[in-house]
Amino acid sequence: MALPQVVIQPQAAKRVRHHDGWIFRDELVRAPADLPAGELVEAITDGGGFAAICAFNPASHIVLRVFTTIPGDTIDRAWLARRMARAVAKRIALTGTDAKRLIFSEADGLPGLIADQYGAHLVIQIRTAGMERLRDLVVDLLQEQLQPAGILERSDKEFRQEEGLAPTAGVLRGAVPDRILIREEPWQFWVDPHRGLKTGFYLDQRLTRRKLREAVAPNQRVLDAFSYTGSLGIAAATGGARVVCVEQQEPFLELAKENAKLNGVADRMEFVAGNAFYWLDAQAKGSTRYDWVLLDPPALAKSKAAVHQGRQALHHLLVHGLRALAPEGRMLVSVCTYHLLRNLEEIVRIAAGDDDVRLTVRDQWAQASDHPWILQLPATRYLVSWVLACDAPSTA
Ligand SMILES: C[S@@+](CC[C@H](N)C(=O)[O-])C[C@H]1O[C@@H](n2cnc3c(N)ncnc32)[C@H](O)[C@@H]1O
């Protein structure tokens with residue numbers, strides 16, 4: 001059946017042919033009246049040239065999300081099954097863990113679909129109107145292809161608002177327990193898929209855990225300032241460090257304590273329920289100094305409008321984090337705020353200037369490989385981590 005056609009600007013069509021996946025509202029020339037949100041459409045240029053098959057959503061500033069640029073493709077069960085199987089197959093090489101992202105939205109050519117594996121269970125998010133319409137097919141296919149013991153949906157986040165979708169969460173297939181034990185060698189972690197952040201665990205920080213374990217030395221003092229369920233602090237404690245975890249949500253801190261016990265490092269870890277901003281200020285003014293300060297704050301600016309405030313918050317954390325460092329200390333800073341990570345270099349330089357310290361960037365990396373960064377889709381690079389070292393300039 002022929003799809004409705006919408007007309008887009010030539011430069012948008014060009015971008016899409018070069019593997020960009022989004023068309024913005026101001027790039028839409030015209031669309032049939034009353035096209036419902038989520039409808040699959042053919043995006044063409046005014047001359048009639050085919051650009052892509054997309055999901056349309058007039059409510060979103062991303063008015064079209066590309067499903068395919070192959071003319072004649074049909075977005076049906078078989079097409080979805082192929083894309084999903086391909087995404088899963090790409091993660092087979094990721095071993096040593098039974099917790100990974102199997103489908104990462106646009107990066108896997110499935111705009112709006114997230115599927116994370118936690119042991120025998122799947123936790124999914126449906127983020128867009130286009131994917132919402134394919135929900136039943138997607139869930140059937142996940143069950144058929146992966147045979148999980150249960151599928152939980154966690155589409156209960158603010159990202160659905162802009163798509164005009166109501167938040168929703170619940171078990172869609174089988175059963176999903178309150179807690180799932182996952183393995184990420186050499187660790188095990190309890191995950192709360194129903195109440196945890198994201199889909200339950202920061203799968204995207206896998207590389208950060210590994211790097212920390214390698215970099216932290218026995219008996220070093222580590223401050224894990226936004227600890228959630230403790231994964232970074234536990235990684236540092238595994239290397240023999242003594243760690244203080246600060247987290248404002250007590251249920252997360254309780255899980256962090258259990259995770260510390262599970263991994264045999266509870267005797268080297270302390271847990272503080274509180275506001276990390278105030279805690280850091282107090283540490284900066286006090287006498288305790290840390291060999292490592294780990295800063296993995298939540299998104300500090302959720303929109304372009306909030307960038308200024310976000311910059312100030314990050315600046316504050318960096319300045320106080322630097323003051324809490326021992327001589328030769330290191331700071332790990334992870335930024336998951338798209339609008340800030342593009343300016344991270346400048347923000348860190350200004351913060352270092354405030355304290356008159358010379359900083360060396362010792363290492364940097366992005367999100368874990370099961371959350372691939374597609375060069376033509378800048379928003380898929382959403383998490384960066386830097387290791388900063390205070391370094392006195394040579395006077396020789
Ligand atoms: C990005 S997550 C940290 C993830 C963690 N590093 C991990 O790998 O599991 C940010 C955490 O900071 C917590 N948080 C947010 N604002 C906070 C504040 N002002 N003080 C302390 N914790 C805060 C959130 O509850 C969340 O658990």
Side-chain angles (χ1 to χ4, degrees), residues 205 208-228 230-248 253 256-257 259-260 263 265-298 300 312-335 344-345 347-365 384-396:
Q205 285 285 36
T208 307
R209 288 185 277 279
R210 210 184 72 205
K211 294 252 190 193
L212 268 176
R213 180 180 159 232
E214 287 162 6
V216 172
N219 290 321
Q220 286 193 319
R221 289 190 71 100
V222 177
L223 173 59
D224 179 5
F226 295 85
S227 74
Y228 186 48
S231 88
L232 300 187
I234 288 167
T238 309
R242 289 168 293 140
V243 180
V244 182
C245 287
V246 183
E247 165 61 50
Q248 72 178 7
L253 212 52
K257 288 179 193 167
N259 282 330
N263 290 286
V265 292
D267 60 337
R268 292 202 284 283
M269 295 187 69
E270 257 178 73
F271 300 90
V272 176
N275 187 319
F277 283 87
Y278 299 147
W279 177 264
L280 261 183
D281 292 2
Q283 298 303 295
K285 286 183 194 124
S287 57
T288 309
R289 290 291 169 261
Y290 295 88
D291 301 297
W292 283 84
V293 170
L294 316 181
L295 297 177
D296 182 16
L300 296 171
Q312 284 183 323
L314 184 56
H315 176 89
H316 183 103
L317 290 175
L318 289 166
V319 167
H320 290 85
L322 287 172
R323 286 180 191 158
L325 278 183
E328 313 284 309
R330 303 220 171 162
M331 177 186 283
L332 169 91
V333 54
S334 290
V335 176
L344 187 57
E345 200 172 314
I347 297 170
V348 173
R349 199 181 293 121
I350 292 170
D354 267 21
D355 266 0
D356 196 21
V357 285
R358 195 175 89 150
L359 290 179
T360 310
V361 180
R362 290 294 175 99
D363 202 353
Q364 52 176 315
W365 58 90
V384 296
S385 295
W386 283 18
V387 173
L388 302 166
C390 293
D391 221 8
S394 165
T395 49

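None of these values were measured; they are calculated from a predicted model.
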Q: Please check if the side chain of D291 supplies one atom and the backbone of R221 the other of a donor-acceptor pair under 3.5 Å.
A: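 Checked: pair present.
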Q: Determine whether D224 and V244 make a side-chain contact, defined as any pair of heavy atoms from C-beta on separated by less than 4.5 Å.
A: no
Q: For N275 and V246, which heavy atoms make the closest approach, and how far apart are they?
A: C-CG1, 4.5 Å
Q: Any donor-acceptor pair under 3.5 Å linking the side-chain atoms of E247 with those of Y228?
A: no
Q: Against M331, only a single residue in L322, L359, L223 fulfils side-chain contact (heavy atoms from CB on, under 4.5 Å); can you say which?
A: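 For M331, the side-chain contact (heavy atoms from CB on, under 4.5 Å) test succeeds with only one of L322, L359, L223, which is L322.
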Q: Roughly how far apart are D281 CG and L317 CG, rounded to 0.5 Å?
A: 9.0 Å
Q: Measure the NE2-CG distance between H320 and L325 for me, rounded to the nearest 0.5 Å.
A: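 Here the interatomic distance stands at 13.0 Å.
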Q: Counting only N and O atoms by type, is there a donor-acceptor contact under 3.5 Å from the side chain of R362 to the main-chain atoms of A389?
A: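 Between the backbone of A389 and the side chain of R362 there is no qualifying donor-acceptor contact (under 3.5 Å).
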Q: For the residue pair Q205 and S385, establish whether any side-chain heavy-atom pair is separated by less than 4.5 Å.
A: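 SC-SC contact between Q205 and S385 confirmed.
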Q: Step through the shown structure and confirm whether more than 12 heavy atoms of other residues, nucleotides or ligands are within 6.0 Å of CD on Q312.
A: yes
Q: For residues R323 and A284, report the shortest heavy-atom separation together with the two atoms involved.
A: CB-CB, 3.6 Å
Q: Looking at CD of E214 and OG1 of T238, how far apart are the two atoms once the value is rounded to the nearest 0.5 Å?
A: 12.0 Å
Q: Which heavy atom in L253 sits nearest to a heavy atom in S227, and how many Å separate them?
A: CD1-OG, 3.9 Å
Q: Which value, rounded to the nearest 0.5 Å, describes the distance between R358 atom CZ and D356 atom CG?
A: 12.0 Å
Q: The test is side-chain contact (heavy atoms from CB on, under 4.5 Å); show your working for R242 and N219 and say whether it passes.
A: CA-CA 6 Å; R242 289 168 293 140; N219 290 321; 4.3 Å; yes
Q: Provide the closest heavy-atom pair for A237 versus R268 in the form atom of the first, atom of the second, distance.
A: O-NH2, 2.8 Å
Q: May I ask you to test the C245-E270 pair for a side-chain heavy-atom distance under 4.5 Å?
A: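 Not touching, per the 4.5 Å side-chain cut-off.
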Q: Mark yes or no for whether Q220, through its side chain, and A217, through its backbone, hold a donor-acceptor pair below 3.5 Å.
A: yes
Q: Side chains of L332 and W386: closer than 4.5 Å at any heavy-atom pair?
A: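 The answer is no; the side chains never approach within 4.5 Å.
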Q: Could you point out which residue of L295, V384, D296 forms a side-chain contact (heavy atoms from CB on, under 4.5 Å) with S334?
A: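 So the option named by the test is D296.
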Q: Within the 4.5 Å heavy-atom criterion, are T288 and Y290 side-chain neighbours or not?
A: yes
Q: Supply the atom-to-atom distance L294 CG to T208 OG1, rounded to the nearest 0.5 angstrom.
A: 10.0 Å
Q: Can you name the nearest heavy-atom pair linking A260 to I234, along with the distance?
A: N-CD1, 3.6 Å
Q: Quick one: do the R209 and S231 side chains pair a donor with an acceptor below 3.5 Å?
A: yes
Q: Any side-chain heavy atom of L318 sitting closer than 4.5 Å to one from V333?
A: yes
Q: Would a 4.5 Å heavy-atom cut-off, applied to side chains only, mark V293 and Q283 as touching?
A: no
Q: Looking at every heavy atom in both L280 and G321, which two are closest together, and how far apart are they?
A: CD2-CA, 4.0 Å
Q: Would you please name every residue forming a ring pair (Phe, Tyr, Trp, His ring centres under 6.0 Å) with F226, sequence neighbours left out?
A: F277
Q: Answer whether the closest heavy-atom distance between the side chains of W292 and L212 falls below 4.5 Å.
A: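 Yes, side chains in contact.
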